[in-house]
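Note sheet for the following structure.
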Protein chains: 2
Amino acid sequence: MSLQQQPVKEQRRTRQRAAVDEVLEETEDFISAQDLHAVLRTRGMSVGLATVYRTLQTLADNGQVDVLHTSSGEAAYRRCARDEHHHHLVCRSCKATVEVAGPAVERWTKSVAKEHGYVDVAHTLEIFGLCPRCAAQQ
Amino acid sequence: MSLQQQPVKEQRRTRQRAAVDEVLEETEDFISAQDLHAVLRTRGMSVGLATVYRTLQTLADNGQVDVLHTSSGEAAYRRCARDEHHHHLVCRSCKATVEVAGPAVERWTKSVAKEHGYVDVAHTLEIFGLCPRCAAQQ
DNA sequence: CCTTGTTTTGACAATGGTTGTCAATCTTTA
DNA sequence: TAAAGATTGACAACCATTGTCAAAACAAGG
């Protein structure tokens, strides 16, 4: 997942967007729109579900959060530490996430694409497993 | 996407499953359950939508087809030529697909996971771009 | 080629994540 | 402070996918 430095669309500062930002800031792991909405709700910082979706969508478009599609098809979002292109090692069970960079992989995908004449290339790469903690609990 | 050689669950030969198989056999590119259902319908080989879903699900579970989750979250299926683990270079526009193997990537993901103590590791890697033909049409 | 036990089917309802709608409300800028 | 425009939220709508369950199809044995 890449954090593209697209020109950030100008937006208004609203209570709702601040609330979503705040939760993202505090959340170490990937979180779905629904879950984020639930968190806001339990904190009393109520924000409409549609607004949560829209806000996350915009953040993703601006490259300010990374998006991950879980195996169930649900989208999960995360504010990542590094700005450069990177990937994630995600715990299947608790969602604990490690950011990993793989320059070799980047090069490989580019060369593969070129080899077959594909242009305007992008790729998705995610690694799923059980983190040490969850593995121990089994 | 991997084609695991799980023990293939015994199943009955039915007209419906044969029909789905036939379409998969003829279809070079990834195809969604809905689209496959539409194809069957236009051919007069009508099969219930739920059945199409179930059949594809089973084929995927048995590792007889590869599954790809498009950016819109829709699942697409494809009967691949090679049995070993591999990935796909997919045209964003026409879905033209090239199967690619990347031993180095496999090694890299394993080592990254190990390095962080993650076990029971799997990964998803897909490359998207514009195939030569579609790129030329722009 | 019947019969019986089991699997499979399919029409339809239900689910669940996500997006569209649009009037009311808030931000920004003048 | 007012006008212009962006944003919100409650709710409906969407759409892929799964659950339901009686009817139909299959496999195997007699």
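Letters A, B, ... are given to chains in the order of the sequence lines, protein chains preceding strands, and every chain is numbered from 1. Here the structure is a predicted model, which is why all the values come from computation and not from measurement.
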- What is the distance from CG of A:Leu49 to C1' of C:dT19, rounded to the nearest Å? 10 Å
- Task: Select base, sugar-phosphate, or nothing to describe what A:Arg54 touches, counting heavy atoms under 4.0 Å on all strands.
- Result: base
- Query: How long is the line joining CZ of B:Arg15 and P of D:dC26, in whole Å?
  - Reply: 9 Å
- Starting at atom OH of A:Tyr77, determine the distance to atom P of C:dG17, rounded to an integer number of angstrom. 13 Å
- Message: Does A:Arg43 have more than 12 heavy atoms from other residues, nucleotides or ligands lying within 6.0 Å of its CZ?
- Response: yes
- Is the count of non-hydrogen atoms from other residues, nucleotides or ligands lying under 6.0 Å from A:Glu22 atom CD greater than 12? yes
- Between B:Gln34 and A:Arg41, which has a closest nucleotide on DNA chain D that is more 5'? A:Arg41
- From the candidates D:dT7, D:dA10, C:dT18, the one with an atom nearest any side-chain atom of A:Arg12 is D:dT7
- N/O donor-acceptor pair under 3.5 Å between A:Arg17 side chain and A:Arg15 backbone: no
- Task: Take B:Thr14 and A:Val47, find for each the nucleotide of DNA chain D with the closest heavy atom, and name the residue whose nucleotide sits nearer the 5' end.
- Result: A:Val47
- Nucleotide C:dT19, atom C1' - distance to CD of B:Glu74 in whole Å: 16 Å
- Message: Can you tell me which nucleotide in C:dT9, D:dG9, D:dT17 comes closest to the side chain of B:Tyr53?
- Response: D:dT17
- Passing option when A:Glu99 is tested against A:Arg78, A:His88, A:His87 for side chain to side chain donor-acceptor pair (under 3.5 Å): A:Arg78
- Is atom CZ of A:Arg41 surrounded by more than 12 heavy atoms (other residues, nucleotides or ligands) closer than 6.0 Å? no
- Item | Strand-adjacent residues in residues 16-25 of chain A, judged by heavy atoms under 4.0 Å from DNA chain C | none
- Task: From the options B:Asp66, B:Asp21, B:Asp29, select the one residue that forms a salt bridge (charged side-chain N to carboxylate O under 4.0 Å, His left out) with B:Arg79.
- Result: B:Asp21
- Query: Between D:dT18, D:dT17, C:dG20, which nucleotide gets closest to the side-chain atoms of A:Ala50?
  - Reply: C:dG20
